[in-house]
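Chain letters run A, B, ... following the sequence lines, proteins first and then strands; every chain starts at 1.
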Amino acid sequence: MSTVAITLPDGSVRQFNGPITGAELAADIGPGLATAALAIKIDDELIDLSRSIDCDSTVEIITRKSDDALELIRHDAAHVMAEAVQELYPGTQVTIGPAIEHGFYYDFARDEAFTPDDLEKIEAKMHEIVKRDDAFVREEWDREEAAKHFKDIGEKYKAELIEGFPADEPISIYRQGDWKDLCRGPHMPSTGHVGKGFKLQKLAGAYWRGDSDNEMLQRVYGTAWRDEKELKAHLHMLEEAEKRDHRRLGREMDLFHFQEEAIGSVFWHPKGWTLFQSLIDYMRDRQTDAGYVEINTPDIMDRGLWEKSGHWEKFSENMFTTEAKEDRVFALKPMNCPGGVQVYNQGIKSYRDLPLRMAEFGKVHRFEPSGALHGLMRVRAFTQDDAHIFCAEEQITDECRIVCQLILDIYSEFGFDDVRIKFSDRPAKRIGSDEIWDKSEAALKSAVEAAGLEYTVNPGEGAFYGPKLEFVLRDAIGRDWQCGTLQVDLNLPERLGAFYVGADGEKHHPVMLHRALFGSLERFTGILIEHYAGKLPLWMAPLQAVVATITSDADDYAYEVLDALKAAGIRAEIDIRNEKINYKVREHSHAKVPAMLVVGQREIEDRKVALRRLGGKDQEFLALDKAVARLAEDCRSPAA
RNA sequence: GCCGCCGUAGCUCAGGGGUAGAGCGCACCCUUGGUAAGGGUGAGGCCGUGAGUUCAAUUCUCACCGGCGGCACCA
């Protein structure tokens with residue numbers, strides 16, 4: 001029998017005379033570890049404690065304190081939930097139930113719908129099962145036998161899963177008490193390890209195997225943690241996230257609203273529109289610096305143009321159409337590119353004109369599925385900070401690199417430093433030959449690599465005319481949002497007849513790079529509201545300062561302060577209401593006004609103001625002109 | 001689009017077969033108060049829309065519309 005050498009994370013090595021289980025290894029290291037051990041990890045793979053290690057390996061023993069413990073707890077919680085559901089509601093079929101970020105879910109098939117009350121019952125039953133502390137026992141079954149077993153007990157989804165597994169994959173069944181489930185594992189030693197730090201959260205529909213052609217199952221979501229304290233902390237975090245929901249803040253801060261007559265389209269209020277415009281101003285400055293020119297193209301254009309571009313065929317499901325009294329059919333633009341090409345096509349372009357960077361703050365309309373709509377994040381009409389860069393093939397790499405750099409610089413200016421990049425290649429529904437796709441994918445890939453950026457591949461998710469990079473940013477509370485995009489397009493210039501005259505005197509099609517940095521201004525505004533929890537930086541805050549009086553004796557001076565602020569270009573209002581200063585401070589703090597200038601007798605006498613910043617505990621007494629100068633400086637856009 | 005839940009005052013929500021309540025906000029009055037809620041009075045609702053059951057529907061049933069949470073789809 002050959003010996004087995006186990007290397008532990010601290011570098012120490014232990015020799016054994018033959019295969020050894022994770023449990024035995026833990027016991028060999030110490031009795032404390034033997035009871036604390038939940039699983040082992042070999043080469044980044046988690047494995048049951050009961051499974052044996054039969055060759056030299058590096059092994060980490062996973063305990064409740066390990067980062068990996070959460071995944072085990074959550075996965076086990078899913079199994080416990082499935083058992084609870086089948087105990088309470090016989091005849092319910094189980095399907096799949098993985099651990100996910102912050103928790104777990106399990107998809108069930110049952111004719112009757114679960115109700116919120118059922119969640120409580122299921123949760124109570126889960127606590128019982130955890131208390132029973134049944135051991136998780138792994139068994140390997142013969143494939144046919146397993147498939148037959150699940151079919152016999154009416155679990156057609158499990159049977160279907162088994163039939164879909166690769167022939168060489170062992171079929172493992174995990175047993176907990178009398179209940180068993182088809183599962184790849186691993187699991188902790190027993191149900192008791194799930195503990196009490198879990199809670200069922202919501203019911204949802206979910207398609208079997210994620211395919212909308214399949215039947216819908218009932219998904220139960222739960223969250224699970226090491227203990228009740230961690231659970232409580234997480235629930236608290238969720239409450240905080242809810243408070244910064246942009247839909248709620250949008251109403252509280254009087255920024256925008258939605259209504260039935262225009263579902264999925266924003267009604268911007270004066271304050272919201274000010275914020276929106278400050279972002280456009282910022283981007284316009286940045287783009288001018290980066291060598292862009294700005295254009296504007298029609299919102300409604302003839303069907304013929306969309307047929308030529310390929311949108312009619314490949315994108316019409318998402319398009320609004322309209323007609324007037326003549327019998328021509330028009331479409332509301334879902335993208336700005338065809339319009340942009342029309343501007344490019346005016347006059348003859350020379351290779352000396354390239355790269356030509358044409359920006360457009362274009363408002364596009366897309367018919368999104370009703371269930372997809374979500375505040376400002378997902379709407380049916382949105383403004384893109386779009387641009388089309390017309391360039392020669394040999395300029396692709398450079399131009400892409402510059403765009404990537406611009407995107408990352410700008411995101412970082414808003415405090416988004418955690419940016420992920422996805423590379424999306426050719427979709428099934430596309431225009432253009434495979435040769436063109438080979439070429440454009442290769443060009444984009446080499447450009448992103450030249451920019452020194454890491455990315456993951458998103459197969460089949462490209463635009464119908466070309467591959468794209470998607471810039472996903474992570475906000476202050478860890479949520480991901482897709483914003484910027486950069487696409488290489490060798491198709492539309494040809495379809496829409498764009499040319500330039502090369503140095504060789506011949507006509508060539510330019511390459512078109514489509515790019516947007518914020519992506520959708522609406523979405524980006526929503527992200528910023530949530531990212532800053534409504535406490536917007538001064539330069540984009542719709543209302544930057546409020547002058548508030550202590551008593552009405554200060555009214556005249558307050559107006560003087562207000563005029564000084566306005567003269568310095570600061571968006572300011574005055575509050576001379578007959579209310580106590582406490583009340584005014586509280587109200588304007590809730591309204592997230594970044595600066596408050598309080599004036600009373602003392603300030604009048606010295607021509608000063610008491611400057612209080614949002615969230616600040618104390619105030620500063622400053623001479624009026626000094627306070628105005630300082631605020632004006634703080635209100636300046638970083639791009640100005 | 002699909003599944004589930006929800007729709008009562010500007011907002012947050014209670015109620016319930018006999019046509020309605022609270023807190024905040026709003027208006028007016030008193031109060032002129034130094035950094036997160038001073039007091040009083042009052043106005044405000046086709047109880048989402050339409051049909052059905054009923055002597056009677058905001059309440060029960062159904063349909064539609066919209067919102068929310070997921071799924072699917074995407075900036």
Side-chain angles (χ1 to χ4, degrees), chain A residues 105 107 112-119 201-221 242 245 247-248 251-252 254 257-264 315 317-318 334-335 364 366-386 424 461 463 468 470-472 481-485 514 516-524 526-527 548-555 576-591 596-603 610-619 621:
Chain A
Y105 68 77
D107 286 346
E112 212 175 321
F114 289 117
T115 67
D117 286 346
D118 292 336
L119 287 194
Q201 294 174 298
K202 53 199 172 194
L203 290 161
Y207 296 108
W208 167 236
R209 297 196 145 165
D211 184 337
S212 58
D213 290 336
N214 288 340
E215 61 272 37
M216 185 154 274
L217 306 169
Q218 296 189 63
R219 177 171 296 180
V220 182
Y221 280 95
E242 208 179 307
D245 187 310
R247 292 166 299 183
R248 176 189 180 130
R251 189 173 50 237
E252 289 175 1
D254 195 17
H257 83 272
F258 291 91
Q259 67 184 48
E260 284 198 30
E261 289 80 357
I263 56 171
F315 206 71
E317 279 173 18
N318 293 290
M335 295 186 192
V364 296
R366 295 186 189 172
F367 186 77
E368 299 292 341
S370 59
L373 303 177
H374 178 90
L376 297 177
M377 306 303 199
R378 194 76 186 274
V379 288
R380 284 181 175 163
F382 58 100
T383 309
Q384 295 180 310
D385 58 330
D386 209 351
S424 298
E461 296 293 320
K468 63 179 174 183
E470 292 170 339
F471 294 79
V472 177
W481 298 102
Q482 185 180 318
C483 294
T485 180
H514 307 233
L517 311 191
F518 289 151
S520 146
L521 264 300
E522 282 76 0
R523 174 179 288 182
F524 203 78
I527 293 170
T549 50
I550 303 281
T551 72
S552 53
D553 291 338
D555 288 1
I576 54 170
R577 289 176 304 168
N578 177 10
E579 294 293 350
K580 288 189 172 184
I581 195 61
N582 286 318
Y583 185 89
K584 295 183 184 179
V585 166
R586 178 182 155 84
E587 196 176 85
H588 296 121
S589 298
H590 279 160
M596 220 179 297
L597 292 83
V598 177
V599 293
Q601 203 52 48
R602 298 207 294 262
E603 287 75 18
L611 179 60
R612 180 199 164 100
R613 302 292 188 138
L614 178 59
K617 272 270 170 277
D618 35 42
Q619 57 292 164
F621 293 91

Select base, sugar-phosphate, or nothing to describe what A:A610 touches, counting heavy atoms under 4.0 Å on all strands. base
B:G1 OP1/OP2 closer than 4.0 Å to side-chain N/O of A:S370: yes
Determine the interatomic distance between P on B:A27 and the same-named atom on B:G33; round to the nearest Å. 23 Å
Answer whether the closest heavy-atom distance between the side chains of A:Y221 and A:L119 falls below 4.5 Å. no
Are A:V220 and A:L203 close enough that some pair of their side-chain heavy atoms sits under 4.5 Å apart? yes
Any A:F382 side-chain heavy atom under 4.5 Å of A:R523 side chain: no
In whole Å, what is the span from the CD atom of A:E215 to the C1' atom of B:G4? 17 Å
Is A:F382 stacked on the base of B:A75, with ring centres under 5.5 Å apart and planes under 30° apart? yes
Would you indicate what A:I263 reaches in the nucleic acid, counting non-hydrogen atoms under 4.0 angstrom: base, sugar-phosphate, or nothing? sugar-phosphate
Base paired to B:G7 (Watson-Crick or G-U; both N/O distances under 3.5 angstrom): B:C65
Which parts of nucleotides 39-51 of chain B does protein reach within less than 4.0 Å, heavy atoms only, written one letter per nucleotide 5' to 3' as B for base, S for sugar-phosphate only and - for none? -------------
Among B:G34, B:U32, B:A36, the one nearest any side-chain atom of A:T551 is B:U32
Euclidean distance for C1', B:G7 against B:C64 (whole angstrom): 14 Å
Taking atom P of B:U32 as reference, at what distance in whole Å does atom NZ of A:K584 sit? 14 Å
With heavy atoms under 4.0 Å as the rule, sort A:E603 into base, sugar-phosphate or nothing. base
For B:A22, the nucleotide meeting Watson-Crick or G-U wobble distances (both under 3.5 Å) is B:U12
Electrostatic pair A:R247-A:D245, nearest N-O below 4.0 angstrom: yes
Could you check whether any side-chain heavy atom of A:I576 comes within less than 4.5 Å of a side-chain heavy atom of A:S552, counting everything from C-beta outward? no
When both distances are under 3.5 Å in a Watson-Crick or G-U wobble arrangement, the nucleotide paired with B:G34 is none
Rounding to the closest angstrom, what is the interatomic distance between B:A57 and B:C47 at atom C1'? 11 Å
By nearest-heavy-atom nucleotide on RNA chain B, the more 5' of A:Q218 and A:Q384 is A:Q218
Searching all strands shown, indicate the nucleotide that pairs with B:G44 (Watson-Crick or G-U wobble; both distances under 3.5 Å). none
CD (A:E215) with more than 12 external heavy atoms under 6.0 Å: yes
Separation of atom CD in A:E252 from atom C1' in B:C24, rounded to whole Å: 12 Å
Under 4.0 Å, heavy atoms only, any strand: does A:I550 hit a base, just the sugar-phosphate, or nothing? base
Quick one: which of B:G38, B:A36, B:U32 gets closest to the side chain of A:R586? B:A36
B:C29 and B:U35: how far apart are their C1' atoms, nearest whole angstrom? 26 Å
State whether the side chain of A:Q218 and the backbone N or O of A:E112 hold a donor-acceptor pair below 3.5 Å, judged by distance alone. yes
So what does A:R251 hit on the nucleic acid, given a heavy-atom distance under 4.0 Å: a base, only sugar-phosphate, or nothing? sugar-phosphate
Show me the pairs that pass side chain to side chain donor-acceptor pair (under 3.5 Å) and involve residues 370-380 of chain A, at least two apart or across chains. A:E368-A:R378
Contact letters for nucleotides 68-74 of chain B, in which S counts primed atoms plus P, OP1 and OP2 and B counts the base, heavy atoms under 4.0 Å: SBBBBBB
On a whole-Å scale, what distance lies between the C1' atoms belonging to B:A43 and B:U61? 37 Å
Run the side-chain hydrogen bond (donor to acceptor under 3.5 Å, both in side chains) test against A:S520 and tell me which residues pass, sequence neighbours left out. none
Could you say whether A:F518 or A:D618 is positioned toward the 5' end of RNA chain B, judged by the nucleotide with the nearest heavy atom to each? A:D618
Apply side-chain hydrogen bond (donor to acceptor under 3.5 Å, both in side chains) to A:E242 and list each qualifying residue two or more places apart in sequence or on a separate chain. none
Calculate the interatomic distance between A:N582 atom CG and B:A37 atom P; express it in whole Å. 6 Å
Residue pair A:F471 / A:C483, side-chain heavy-atom distance below 4.5 Å: no
Just how far, in rounded Å, is C1' of B:C3 from CD of A:E112? 15 Å
Taking all atoms of both residues into account, what is the closest heavy-atom pair of A:L521 and A:F518, and its distance? CD1-CD1, 3.8 Å
Quick one: A:N214 CG to B:C3 P, roughly how many Å, whole number? 15 Å
Taken in chain and number order and not counting sequence neighbours, the residues that satisfy side-chain hydrogen bond (donor to acceptor under 3.5 Å, both in side chains) with A:N318 are none
Between CE of A:M596 and P of B:G34 the distance, given in whole Å, is 16 Å
Categorize A:V379 for me: base, sugar-phosphate, or nothing, with a 4.0 angstrom heavy-atom threshold over every strand shown. base
Of the listed nucleotides (B:A36, B:C5, B:A75), which one gets closest to any side-chain atom of A:P116? B:C5
How far, in whole Å, is B:G18 from B:C3 if one measures between their P atoms? 34 Å
Nearest of B:A36, B:C26, B:G34 to any side-chain atom of A:Y583? B:C26
Atom-pair distance (CG on A:L217; C1' on B:C2), nearest Å: 12 Å
Just name whichever nucleotide pairs with B:U54, Watson-Crick or G-U, keeping both distances under 3.5 Å, else none. none
What distance, rounded to whole Å, do you find between the two C1' atoms, one in B:G44 and one in B:G25? 12 Å
Taking the same atom, C1', in B:G1 and in B:U49, what whole-Å distance lies between them? 22 Å
Under 3.5 Å for both donor-acceptor distances, Watson-Crick or wobble: does B:C74 have a partner, and if so which one? none
